[in-house]
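The structure appears right after this line, and notes come after that.
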Amino acid sequence: MDVVTRFAPSPTGYLHIGGARTALFNWLYARRHGGKFHLRIEDTDRQRSTQDAVDKIFDGLRWLGLEWDGEPVFQFARAKHHAEIAHQLLESGLAYRCYCSPDELTAIREEQKAKGQPTRYPGIWRDRDPSDAPPGIQPVIRLKAPQTGETVVPDLVQGEVRVANEQLDDMVLLRADGTPTYMLSVVVDDHDMGITHVIRGDDHLTNTFRQYQLYKACGWHIPHFGHIPLIHGPDGAKLSKRHGALGAEAYRDMGFLPEAMRNYLLRLGWSHGDDEIISTEQAVAWFNLDAIGRSPARFDLARLTTLNGHYLRQADDARLVELLVPLLAERLGRLVTESQQLRLKAGISGLKERAKTLTELADLALFYAKERPLPVDEKAARLLDEGGRALLEKLKPLIEGVAIWNRHNLEELARAYAEAQGQKLGSIAQPLRAALSGSTVSPPIFDVMEILGRDETMGRLVDALLSRQDA
RNA sequence: GUCCCCAUCGUCUAGAGGCCUAGGACGACGCCCUCUCACGGCGUAAACCGGGGUUCGAAUCCCCGUGGGGACGCCA
């Protein structure tokens with residue numbers, strides 16, 4: 001049997017991190033088995049569903065590289081069909097009309113709660129003659145669920161999960177206004193879409209019992225289930241908007257790479273021995289459901305950041321420059337010129353191993369794209385004050401005299417000069433760094449000089465020496 | 001309250017009865033490398049929730065506590 005999985009978010013917000021992981025697992029499982037991965041938008045809640053949220057989900061999945069097969073299914077569009085199934089169940093006696101009003105049901109629940117009893121619909125209209133129906137009430141349709149025995153769901157992640165049928169009540173399939181409920185819609189859609197493996201958050205685990213009963217009532221083949229534990233915030237509480245439950249695009253904007261995100265999300269709950277760095281290719285080859293842990297995991301930004309640093313260093317230079325240019329333009333408030341882009345291309349390999357996110361990378365790269373005179377930060381200015389300028393003053397003519405402008409010659413020259421001054425190389429390199437990058441942190445300074453070129457380097461040096469009068 | 005699920009270093013986890021004086025990774029700390037910052041290398045601290053069983057032997061199996069999470073809607 002071919003594997004068919006799906007990701008079925010409701011478009012009521014962004015694609016949050018838990019949803020992203022669920023999507024990843026479904027995608028991986030399908031790819032692993034050469035099957036299909038479908039996307040279904042559960043937009044039956046007309047009040048809360050928005051087109052904006054749909055777009056965000058699409059964008060988020062695309063950014064993560066989780067392309068779905070075929071066209072996305074919009075659940076609301078299938079509501080009529082869902083209702084038909086409810087009516088079929090009604091005709092075959094597996095469902096019944098319930099004329100209880102919402103107020104009545106609330107009252108029953110309140111009473112049960114007060115008595116410390118489980119809140120269940122007591123099946124008032126299950127066997128009652130419809131002719132007793134009060135006038136003017138639009139009934140709902142409820143499933144006639146088994147009242148004895150137990151429902152056992154074999155779960156690929158959780159193992160065999162069972163519940164006594166007395167614990168379950170007769171769920172509503174069709175609302176009074178004739179629209180289907182979530183329970184009905186999911187089951188019908190999963191069946192119609194030929195879903196073989198339902199991989200979702202374990203907040204759905206208890207729903208599964210009811211869905212199981214519905215499948216049986218419909219006489220349909222029941223898919224395999226795999227309920228994965230939820231992701232929690234750093235404090236162990238349910239992931240909320242306060243911490244971590246950001247949309248995928250928020251992580252993109254923080255400068256994370258999709259491949260890092262995939263690796264991080266994969267390792268959150270799934271493991272393959274001691275492997276930590278797992279490429280998407282390896283993940284596709286290795287992914288399985290039984291290596292998924294059963295306990296919830298906490299979201300750890302530090303770990304994601306480290307992982308991102310790894311993928312950043314691995315990333316192709318040209319790709320990084322492409323990602324970088326808009327970020328720099330944003331910081332500069334202008335376009336990045338051709339020659340500045342060339343510097344970036346030359347400098348990117350030295351920059352990328354110092355950054356953990358694209359945001360950091362942009363901050364680090366900024367000095368290559370800035371126009372003279374360079375602003376000098378506080379720490380760097382101090383380096384220039386403390387005798388730094390004096391050293392640079394004497395170094396300047398030596399640098400000017402370099403015949404072939406490359407990092408090697410420049411470093412040799414600086415080393416010889418430092419030695420002659422009875423100084424360590426650092427005492428020369430740091431003021432140079434301050435003058436040329438405007439900061440105390442940069443790639444190796446002689447690399448920077450080569451990339452900047454003779455004219456720009458000398459210009460920046462002169463700027464730094466002149467600024468003494470201003471200081 | 002009722003039901004369901006879960007429980008190894010701060011965090012993510014390895015571990016499927018003896019290989020465990022519990023391994024790896026992130027984070028923390030220290031050292032080395034070094035023109036800064038990173039990277040890299042080396043090292044240190046750090047965990048089997050508690051109690052009962054089963055067994056020659058339990059992190060691993062069972063039970064009970066405790067703790068955490070989830071679900072109990074004419075929301076999805």
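Just so we're on the same page: letters track the sequence lines, and every chain starts at 1.
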Legend entry - Side-chain N or O of T12(A) closer than 4.0 Å to phosphate OP1/OP2 of A76(B): no

Inset, instruction - Look at all strands and tell whether E353(A) reaches a base, only sugar-phosphate, or nothing, counting heavy atoms closer than 4.0 Å. - result: base

Legend entry - Separation of A28(B) C1' from D300(A) CG (nearest whole Å): 13 Å

Legend entry - Distance-only donor-acceptor test, D202(A) side-chain atoms vs G70(B) base atoms, 3.5 Å: no

Inset, instruction - Establish, with yes or no, whether the OP1 or OP2 oxygen of U36(B) is under 4.0 angstrom from a side-chain nitrogen or oxygen of S442(A). - result: no

Inset, instruction - Scan P229(A) against the nucleic acid and name what it touches under 4.0 Å (heavy atoms): base, sugar-phosphate only, or nothing. - result: nothing

Inset, instruction - Mark yes when over 12 heavy atoms from residues, nucleotides or ligands other than Q282(A) sit less than 6.0 Å from its CD; otherwise mark no. - result: yes

Legend entry - Position toward the 5' end of RNA chain B (nearest nucleotide), R313(A) or Y182(A): R313(A)

Inset, instruction - Return yes if the base of A25(B) and the side-chain atoms of R267(A) contain a donor-acceptor N/O pair under 3.5 Å, otherwise no. - result: no

Legend entry - T306(A) vs C26(B): side-chain N/O to OP1/OP2 distance below 4.0 Å: no

Legend entry - Under 3.5 Å donor-acceptor, S10(A) side chain and T12(A) backbone: no

Inset, instruction - To the nearest Å, give me how far apart CG (L268(A)) and P (C12(B)) are. - result: 8 Å

Inset, instruction - Send over the distance from R40(A) CZ to A76(B) C1', rounded to a whole Å. - result: 11 Å

Inset, instruction - State whether a side-chain donor-acceptor pair under 3.5 Å links W125(A) with D170(A). - result: no

Inset, instruction - Answer yes or no: does a side-chain N or O of R415(A) lie under 4.0 Å from OP1 or OP2 of C35(B)? - result: yes

Legend entry - Distance-only donor-acceptor test, R433(A) side-chain atoms vs C35(B) base atoms, 3.5 Å: yes

Legend entry - Spacing between L307(A) atom CG and U11(B) atom P, to the nearest angstrom: 19 Å

Legend entry - Residue closer to the 5' end of RNA chain B, Q117(A) versus T440(A) (nearest nucleotide): Q117(A)

Legend entry - Charged tip of R40(A) within 45° of F7(A) ring normal and under 6.0 Å: no

Inset, instruction - Please answer whether the main-chain N or O of I278(A) pairs with a side-chain N or O of N263(A) as donor and acceptor at a distance below 3.5 Å. - result: yes

Legend entry - Phosphate-side-chain proximity, K424(A) and U34(B), N/O vs OP1/OP2 below 4.0 Å: no

Legend entry - R354(A) CZ - G40(B) C1' separation (whole Å): 12 Å

Inset, instruction - Looking at every strand, decide which applies to A297(A) at a 4.0 Å heavy-atom threshold: base, sugar-phosphate, or nothing. - result: sugar-phosphate

